[in-house]
Amino acid sequence: MFTTTKRIVNFEFVRVIAMMIALIYYVYKAFPLIDTIDQTGLKFISFSVFYKLGAPLFLFLCGRFALNVDYTDKSLKEFYLKKIGYIIIPMAFFMTVHYALFVKGEKSFNFFEFLPYAAAAFDNLHYWFMFKALFYILSAPILALVFKDISNRAAICLICIGLIYNTCSFYLPIIPDYKFAYSSLFGNLIFYFFLGGLSDKIVNLVGKRYLYIAGIASLIVIISQSLLINPIEERFDHSPFYMIFALSIYVFLTSLYKEGHKIPDYIILFLGKYSFIVCMIQGMLIKPIIDNGLIPTTNIITYMCSGVAVLLLVSVVLSIFLDSILFRSIRVALYHLLRFYNNIK
């Protein structure tokens with residue numbers, strides 16, 4: 001099979017935490033009585049600040065590993081086939097299943113109807129964060145050349161440009177009748193990907209203590225502005241302060257778990273292995289779980305606890321099943337295709 005980098009437990013711990021946060025987010029959003037919840041108070045704002053950490057943490061990890069690798073011609077071929085096998089094919093599969101189960105209805109499959117749906121839905125359903133990062137992940141071998149030998153001064157310049165850009169994209173729309181095109185290089189959460197690539201350098205330059213202090217200060221600003229100004233509802237993750245806060249959480253989590261505990265290490269590595277498929281599949285499962293009465297929906301606390309537990313269990317079981325009978329076979333076929341290509345003289 002493809003050569004794989006040894007999974008590092010503390011980073012897999014962050015991956016599992018990101019997966020759990022994503023589950024919490026979608027379970028909460030599917031709560032049938034969500035309209036009865038006060039979504040303006042301090043408790044809810046604090047909760048929502050944390051439940052939006054899932055995508056930033058995933059993007060930090062993507063950038064951390066994709067932008068810090070030396071790519072040779074041989075590894076370049078393997079890189080793209082691995083991305084096809086591990087990311088693109090699962091995304092396409094789940095999008096097709098989603099279309100067939102929840103959109104097509106009784107109509108026969110129509111490719112020309114499915115294609116525009118898929119292109120739009122990738123950006124709107126629970127696949128959106130990967131859709132936005134996909135170009136940069138696939139461009140990683142080229143971008144890595146820049147990040148490989150980037151100087152401290154250049155790294156600081158890039159970080160400042162990104163933070164300034166996102167300051168404009170977040171705060172200028174507060175002005176009445178003012179528009180700002182924030183969907184470009186540093187918009188739509190993509191800057192998290194670059195910050196992940198620079199995260200080790202940032203820690204070396206700033207130090208963990210000062211980064212944590214900046215993170216706490218940023219959290220206070222985020223909550224305060226949400227209570228006092230409420231500029232853009234639930235768009236915390238576009239704020240430069242949220243980026244600093246999320247980066248401090250990411251660094252804290254990578255330092256929190258220490259490898260060396262056999263059973264916890266195994267569980268974390270096991271869940272981390274299937275985290276991507278779990279995040280792809282869970283959005284389709286939560287509604288059927290609720291509709292079939294598998295979790296109570298009268299109380300938000302019992303609903304959240306039971307919902308996350310059931311959704312995690314079902315998602316992991318289905319992920320193992322699909323990976324074993326489908327995706328693994330596809331990866332084996334791609335591996336043999338790569339060997340055949342390499343043997344052609």
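Phe93 has its ring centre less than 6.0 Å from the ring centre of Phe327. The aromatic ring centres of Tyr28 and Tyr51 sit less than 6.0 Å apart.
Shown here for Ala154 and Ile150, the closest heavy-atom pair between the two residues is CB-CG1, 3.6 Å. Glu12 and Lys273 make their closest contact through OE1-N, 4.1 Å (heavy atoms, listed as atom of the first residue, atom of the second, distance). Closest approach of Ile277 to Ser319, counting heavy atoms only: CG2-OG, 3.4 Å. Closest approach of Pro56 to Tyr242, counting heavy atoms only: CG-CE2, 4.2 Å. When all heavy atoms are compared, the tightest approach of Tyr212 to Phe252 is OH-CA, 3.3 Å. Pro288 approaches Asn292 most closely through the heavy-atom pair O-ND2, 2.6 Å.
For the ring pair (Phe, Tyr, Trp, His ring centres under 6.0 Å) test, residues two or more places apart in sequence or in another chain that qualify with Phe270 are Tyr274.
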Using the rule given for ring-ring contact (aromatic ring centres under 6.0 Å, His included), can you reason through Phe193 versus Phe60, listing the C-alpha separation, both sets of side-chain angles and the distance that settles it, and then say yes or no? CA-CA 5 Å; Phe193 181 76; Phe60 283 138; over 10 Å; no
Step by step, work out the side-chain contact (heavy atoms from CB on, under 4.5 Å) result for Thr297 and Leu33. CA-CA 8 Å; Thr297 57; Leu33 303 177; 5.9 Å; no
After noting the C-alpha distance and the side-chain angles of Phe50 and Ile21, does the key distance pass the side-chain contact (heavy atoms from CB on, under 4.5 Å) rule? CA-CA 8 Å; Phe50 281 93; Ile21 292 173; over 6 Å; no
Take Met280 and Phe276, measure what side-chain contact (heavy atoms from CB on, under 4.5 Å) needs, and give me the verdict at the end. CA-CA 6 Å; Met280 291 290 101; Phe276 178 71; 3.9 Å; yes
For Cys62 and Tyr192: C-alpha separation, side-chain torsions, deciding distance, then whether side-chain contact (heavy atoms from CB on, under 4.5 Å) applies. CA-CA 9 Å; Cys62 287; Tyr192 289 100; over 6 Å; no
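Distance check, rounded to the nearest 0.5 Å: CG of Leu271 to CE of Met20 gives 8.5 Å. Atom CZ of residue Phe11 and atom CG of residue Leu253 lie 11.5 Å apart, to the nearest 0.5 angstrom. Atom CG of Asn166 is separated from atom CZ of Phe241 by 12.0 Å, given to the nearest 0.5 angstrom. Distance check, rounded to the nearest 0.5 Å: OG of Ser275 to CD of Gln282 gives 11.5 Å. Atom CG in Leu143 sits 11.5 Å away from atom CG in Asn68 (nearest 0.5 Å). The CD1 atom of Ile202 sits 11.0 Å away from atom OG of Ser248, with the distance rounded to the nearest 0.5 Å.
Applying the 4.5 Å side-chain rule to ILVMFWY residues, one finds Val317 in the same cluster as Leu313.
The closest side-chain heavy-atom distance from Tyr25 to Lys29 is below 4.5 Å. No side-chain heavy atom of Ile267 sits under 4.5 Å from any side-chain heavy atom of Val16. Residues Phe245 and Val221 have side chains not in contact (no heavy-atom distance under 4.5 Å, counting atoms from C-beta outward). Using a 4.5 Å heavy-atom threshold, the side chains of Thr298 and Tyr303 count as separate. Contact of the Phe191 side chain with the Pro240 side chain is not registered, since no non-hydrogen atoms from C-beta on lie closer than 4.5 Å. Contact check for Leu322 versus Ile281: side-chain heavy atoms found under the 4.5 Å cut-off. Put simply, the side chain of Asn10 does not reach to within 4.5 Å of the side chain of Ser255, judged on heavy atoms. For the pair Val27 and Met304, the minimum side-chain heavy-atom distance is below 4.5 Å.
Enclosure of atom CD1 in Ile263 is not indicated, since only 12 or fewer non-hydrogen atoms of other residues, nucleotides or ligands lie within 6.0 angstrom. Under a cut-off of 6.0 angstrom, the local environment of CZ in Phe321 is sparse, with at most 12 non-hydrogen atoms contributed by other residues, nucleotides or ligands.
Leu294 is connected to Leu23 through a chain of hydrophobic side-chain contacts under 4.5 Å among Ile, Leu, Val, Met, Phe, Trp and Tyr, so both are in one cluster. Leu205 and Leu67 fall within a single hydrophobic cluster, where Ile, Leu, Val, Met, Phe, Trp and Tyr are joined by side-chain heavy atoms under 4.5 Å apart, directly or via other members. Clustering ILVMFWY residues whenever any of their side-chain heavy atoms sit less than 4.5 angstrom apart, transitively, puts Phe79 in a cluster other than the one holding Leu145. Side-chain heavy atoms closer than 4.5 Å link hydrophobic residues (I, L, V, M, F, W, Y) into clusters, and following such links, even through other members, never connects Ile213 to Ile220. Hydrophobic clustering keeps Leu195 apart from Ile164 (ILVMFWY residues linked when any side-chain heavy atoms are closer than 4.5 Å, directly or through intermediates).
Checked by atom type and distance alone, the side chain of Ser48 pairs as donor or acceptor with a backbone atom of Ile45 at under 3.5 Å.
Counting only residues at least two apart or in different chains, salt bridge (Lys or Arg N to Asp or Glu O under 4.0 Å) contacts with residues 310-326 comprise Asp323-Arg328, Asp323-Arg331.
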